[in-house]
Q: 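The structure follows.
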Amino acid sequence: MNIHILTVLPELLESPLNHSIMKRAQEKGLLQVEIFNLRKWAVNEYGQIDDYQYGGGAGMIMMCEPLSKAINELNNQHQYEEIIYTTPDGDLFDQKEANTLSLKKNLLIICGHYKGIDQRIRDHYITKEISIGNYVLSGGELAAAIITDAIGRLIPGVLNNETSALFDSFQDDLLAPPVYTRPADFNGWQVPEILLCGNQNKIDEWRHEQSVNRTQLKRPELLKEN
Ligand code: 6GU
């Protein structure tokens with residue numbers, strides 16, 4: 001799978017996507033993340049990619065021309081199935097969307113910056129607008145990293161134990177159950193005895209019960225969505 005990211009701040013994306021599971025996914029050849037610097041398509045020798053907004057108002061807008069040139073050039077080479085724009089006014093990203101996107105072969109993510117991109121680019125190129133939550137970030141790069149991570153780990157073969165993504169929080173609209181590791185007694189704080197009993201059916205049953213309880217308590221709206 002190819003995830004290409006178009007940004008004015010490539011440095012912000014390099015570290016988060018080159019460690020741990022994202023690193024392994026790329027080493028295994030299952031995921032190719034490429035980061036493109038929008039300044040390559042700047043309108044002049046000063047690297048300009050943004051300008052003041054029509055109608056007045058604070059903040060710069062990312063211009064049509066660099067974005068259009070970049071998208072055309074990249075899309076000719078890769079035929080993206082989705083051209084995604086990261087923006088606080090996009091559709092809220094969730095596990096379902098991550099699952100859907102993990103089945104694609106070629107994605108382009110465009111990171112919004114400053115006061116955003118010219119609306120005409122949204123109208124004519126963007127196929128999906130994604131927000132990662134109800135708060136405002138200073139740029140779309142961290143959102144793009146989060147989206148890429150959430151998608152990348154779902155690609156078959158990326159996780160060592162392939163079943164493990166299936167038991168993640170949200171995968172079945174339930175939060176994950178509590179987890180414990182050694183020692184069984186720490187400062188007198190005990191691991192629930194059932195986890196030590198060796199009966200896998202009983203353990204699975206308990207975990208499911210814990211998941212439902214936790215979801216009911218912390219995120220009841222997840223249960224109501226079904
Ligand atoms: Cl995708 N971008 C920005 N700039 N802020 C956000 C966001 C994205 N999602 C939530 N806040």
Side-chain angles (χ1 to χ4, degrees), residues 1-19 21-22 25 31 33-39 41-42 47-55 57-64 66-68 70-71 74-75 80-104 106-155 168-170 175 218-219 221-222 225:
M1 175 179 198
N2 295 303
I3 300 183
H4 292 170
I5 304 176
L6 185 59
T7 171
V8 287
L9 282 173
E11 301 84 357
L12 263 183
L13 282 154
E14 270 146 26
S15 175
L17 297 175
N18 285 306
H19 293 281
I21 291 169
M22 289 302 101
L31 172 66
V33 179
E34 276 191 72
I35 298 163
F36 298 93
N37 192 336
L38 182 64
R39 302 235 183 245
W41 294 273
Q48 188 184 357
I49 48 87
D50 60 349
D51 210 336
Y52 297 102
Q53 58 178 307
Y54 280 120
M60 305 295 273
I61 309 299
M62 289 166 75
M63 304 167 79
C64 282
L67 285 165
S68 172
I71 296 168
L74 294 172
N75 198 38
Y80 298 111
E81 291 150 284
E82 299 280 5
I83 299 178
I84 297 165
Y85 173 49
T86 56
T87 174
D89 60 9
D91 296 330
L92 262 192
F93 189 61
D94 61 9
Q95 192 63 39
K96 193 177 285 167
E97 189 61 51
N99 289 343
T100 305
L101 291 174
S102 74
L103 302 173
K104 311 282 185 188
N106 291 294
L107 298 176
L108 176 62
I109 305 178
I110 295 169
C111 300
H113 234 275
Y114 315 110
K115 283 283 172 187
I117 66 176
D118 192 296
Q119 181 62 37
R120 291 167 289 183
I121 296 295
R122 295 174 72 158
D123 294 342
H124 296 285
Y125 288 103
I126 301 300
T127 62
K128 195 178 275 294
E129 300 187 325
I130 294 180
S131 160
I132 60 160
N134 293 328
Y135 40 79
V136 177
L137 303 169
S138 40
E141 283 74 18
L142 297 179
I146 283 168
I147 294 164
T148 302
D149 185 298
I151 296 170
R153 62 192 293 288
L154 295 172
I155 300 169
D168 287 343
S169 280
F170 299 109
L175 301 182
K218 297 188 178 188
R219 300 291 306 278
E221 79 279 7
L222 291 175
E225 277 169 19

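All figures in this text were calculated on a predicted structure; none of them were measured in a lab. For ligands, and for the atoms within them, numbers begin at 1 and follow the listed sequence.
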Q: Among all protein non-hydrogen atoms, which one is nearest to atom 11 (N) of ligand 1, and what is the separation to 0.1 Å?
A: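 So the nearest neighbour among protein heavy atoms is Y135 O, 2.5 Å.
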Q: With distance as the sole test, does N18 use its side chain to make a donor-acceptor pair with the main-chain N or O of E14 at under 3.5 Å?
A: yes
Q: How would you list, by chain and number, every residue that makes a ring-ring contact (aromatic ring centres under 6.0 Å, His included) with H4, sequence neighbours excluded?
A: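 ring-ring contact (aromatic ring centres under 6.0 Å, His included) check on H4 returns F36, H78, Y80.
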Q: Does at least one non-hydrogen atom of G112 fall below 4.0 angstrom from an atom of ligand 1?
A: no
Q: My understanding is that we take every heavy atom of each candidate and find the minimum distance to atom 10 (C) of ligand 1. Doing that for P88, G139, S138, G133, which one comes out nearest?
A: G133
Q: I130 heavy atoms, cut-off 4.0 Å: which ligand 1 atoms fall inside?
A: 1 (Cl)
Q: What pairs with Q48 under side chain to side chain contact (heavy atoms under 4.5 Å, CB included), at least two apart in sequence or on another chain?
A: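 V43, N44, D50, D51, M63.
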Q: Is R120 salt-bridged to D118, cutoff N-O under 4.0 Å?
A: yes
Q: For I132, is at least one N or O under 3.5 Å away from an N or O on ligand 1?
A: yes
Q: Please work out whether any backbone atom (N, CA, C, O) or any side-chain heavy atom from C-beta onward of N134 is under 4.0 Å from ligand 1, and answer side chain, backbone, both or neither.
A: neither
Q: With distance as the sole test, does T127 use its side chain to make a donor-acceptor pair with the main-chain N or O of I83 at under 3.5 Å?
A: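 A pair under 3.5 Å: yes.
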Q: Looking only at distances, can you tell me whether any N or O atom of A143, backbone or side chain, sits closer than 3.5 Å to an N or O atom of ligand 1?
A: no
